[in-house]
There are 2 protein chains.
Amino acid sequence: MRISYDIKSCVSCVYRQMLFGDLSDREYELINEARTEKIFRKGEVIVKENEPIDSFLYLRQGLVKFYKTDEHGKDHLLSITKPGDFVNLLNIFSDTNYHYSVCALEETMVCEVKLDALKEVIASNSKFALRILNRIGHISDEVILNRFEISRKQIKGRVAYILIYLADQIYKNPEFRIPITRRELGELISMTTENTIRTLSEFKNDGIISMEGKVITILDYDRLHNILKTG
Amino acid sequence: MRISYDIKSCVSCVYRQMLFGDLSDREYELINEARTEKIFRKGEVIVKENEPIDSFLYLRQGLVKFYKTDEHGKDHLLSITKPGDFVNLLNIFSDTNYHYSVCALEETMVCEVKLDALKEVIASNSKFALRILNRIGHISDEVILNRFEISRKQIKGRVAYILIYLADQIYKNPEFRIPITRRELGELISMTTENTIRTLSEFKNDGIISMEGKVITILDYDRLHNILKTG
DNA sequence: TAACAAATATGATATATGTCATAGGGATAA
DNA sequence: TTATCCCTATGACATATATCATATTTGTTA
């Protein structure tokens, strides 16, 4: 991890308007003074499960995974998260420690704002408060839906769900570069690496998708949707 | 369902203070005018998946389940919810339709507040806004954690998790009356009814729990916790 | 660049879980 | 009250998924 001092980048940041558009100059100044920009390399851990929360974090660039590690050292992924999302999934006002570890899947830029400063602004600006909490709520709902859909399906349905989720929600394109390994994909849908690979191979052999390393293209949406529904 | 006109009950309601403690007299009046109290009998559906949201709902008494029904008519439970929780799990400000159906597990009293009135008060009172959104966030986090823990475990671990959750979090007592059938328990942990019953029987035969119909007592916390960890 | 570790891939086999069948008990409605 | 339906329960068997073994390919680091 290294700290970025490229202050200019803040002015042009898309999230400045998106998140902090409702702030007065003084409030913005308060946030900005409490702000640090950090860059994490692929594989670096951003926060660890059970660590105390003292900052509000949001993703400016890159991609991260939320996960927990079990007694046998196996990781279980809760979700993957894209720019604009928050690294603090859980309610930063009602809990004091992280529930999940967060790790960078690629070079990732994170903005860190001291929680005290954020709370001060939230208490004084209800528009801002609503905006932040709405976003957290929305992200939480998406995580709930994804976990629910995954847990009620069998392996083919789970893989189909993730492929459609990535194509439709994340990349908005039937062809995309999957940002995680097959192993991580398995950890995300609670299946073994081997069975995850086998299922992808089966989809490929059946002409439902094409695969070239990490680049996946959905060729037959209808059949994939059918697997999603019945599996 | 029947509508209750027992207005006096509102004055002594524990949730009045808990939720609406920050409101001015005028704000409270606004909410109260937009409020209806409804009583649902066991098995009655309170809201249906995909219906538009036009009210904020909270549970005053009773117990409900959140669920979805699949193509084959099989239900899948997301969670069960206790008094003080909201029936609107998802972010009522960022979405327009329910994601899940909600059904009463026992006689249940629900307070319904028109969303327009609630939004008006939220916009003018940031303390109240924070209180409401904090609660929703907290409930969402609990749902996320439960679903995550369930999906990463095998059947014994899942049953152990639910038993400990009910004993520790909901009833705060090693002996409790389980509020759902074995079938619903299976639907909650994404397992078949038969295997759910088999696992409970196994725990009983091993002396880990005792069971007498719906009344379950955890006899050996240590072993159950061990199953939770390793399963 | 070479050496090594990790990722992808597939087969054989073991284990976990689901499905089907059956039966008694208890709740609910006519 | 009886009749019916659902819940609880258990066994036998089928299917889904995990585990173990092995090989090739890819990516990372010395």
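Given the structure is predicted, the values throughout are model-derived calculations rather than measurements. Note on naming: letters A, B, ... go to the chains in the order of the sequence lines (proteins, then strands), and numbering restarts at 1 for each one.
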- Presence of Ser201(A) side-chain N/O under 4.0 Å of dT10(C) phosphate oxygens OP1/OP2: yes
* Considering residues, nucleotides and ligands other than Gln61(B), do more than 12 of their heavy atoms fall under 6.0 Å from its CD? -> no
Contacted region of DNA chain D by chain B, from 5' end to 3' end of the hits, cut-off under 4.0 Å to heavy atoms, spans dC7(D) to dA12(D)
Just to verify, what does [X] make a salt bridge (charged side-chain N to carboxylate O under 4.0 Å, His left out) with, not counting sequence neighbours?
{"X": "Asp70(B)", "result": "none"}
{"X": "Glu49(B)", "result": "none"}
{"X": "Arg198(A)", "result": "none"}
{"X": "Asp168(A)", "result": "none"}

Sorted by chain and number, sequence neighbours left out, side chain to side chain donor-acceptor pair (under 3.5 Å) with Tyr58(A) holds for none
With sequence neighbours left out, the residues meeting side chain to side chain donor-acceptor pair (under 3.5 Å) with Thr192(A) are Asn195(A)
Here the salt bridge (Lys or Arg N to Asp or Glu O under 4.0 Å) pairs for residues 222-231 of chain B, sequence neighbours left out, are Asp220(B)-Arg223(B)
For [X] and [N], give me the distance from atom [atom1] to atom [atom2], rounded to whole Å.
{"X": "Arg182(A)", "N": "dA9(C)", "atom1": "CZ", "atom2": "P", "answer": "5 Å"}
{"X": "Leu185(A)", "N": "dA7(C)", "atom1": "CG", "atom2": "P", "answer": "13 Å"}
{"X": "Met211(A)", "N": "dA7(C)", "atom1": "CE", "atom2": "P", "answer": "16 Å"}

Please work out if Lys214(B) contacts a base, only the sugar-phosphate, or nothing of the nucleic acid, heavy-atom cut-off 4.0 Å.
sugar-phosphate
Axis-to-axis angle for the helix from dT1(C)-dA30(D) to dA30(C)-dT1(D), ends of five pairs each, to 10°, equals 60°
Here the ring-ring contact (aromatic ring centres under 6.0 Å, His included) pairs for residues 184-203 of chain A, sequence neighbours left out, are none
Those residues at least two apart in sequence (or on a different chain) that pass ring-ring contact (aromatic ring centres under 6.0 Å, His included) with Tyr165(A) are none
The reported gap from CG in Leu145(A) to OH in Tyr100(B) (rounded to nearest 0.5 angstrom) is 4.5 Å
DNA chain D nearest-nucleotide lookup for Asn205(B) and Arg183(B): closer to the 5′ end is Arg183(B)
In 5'-to-3' order, the base (B), backbone-only (S) or no-contact (-) status of each nucleotide in nucleotides 17-30 of chain C, using a 4.0 angstrom heavy-atom cut-off, is SBBB----------
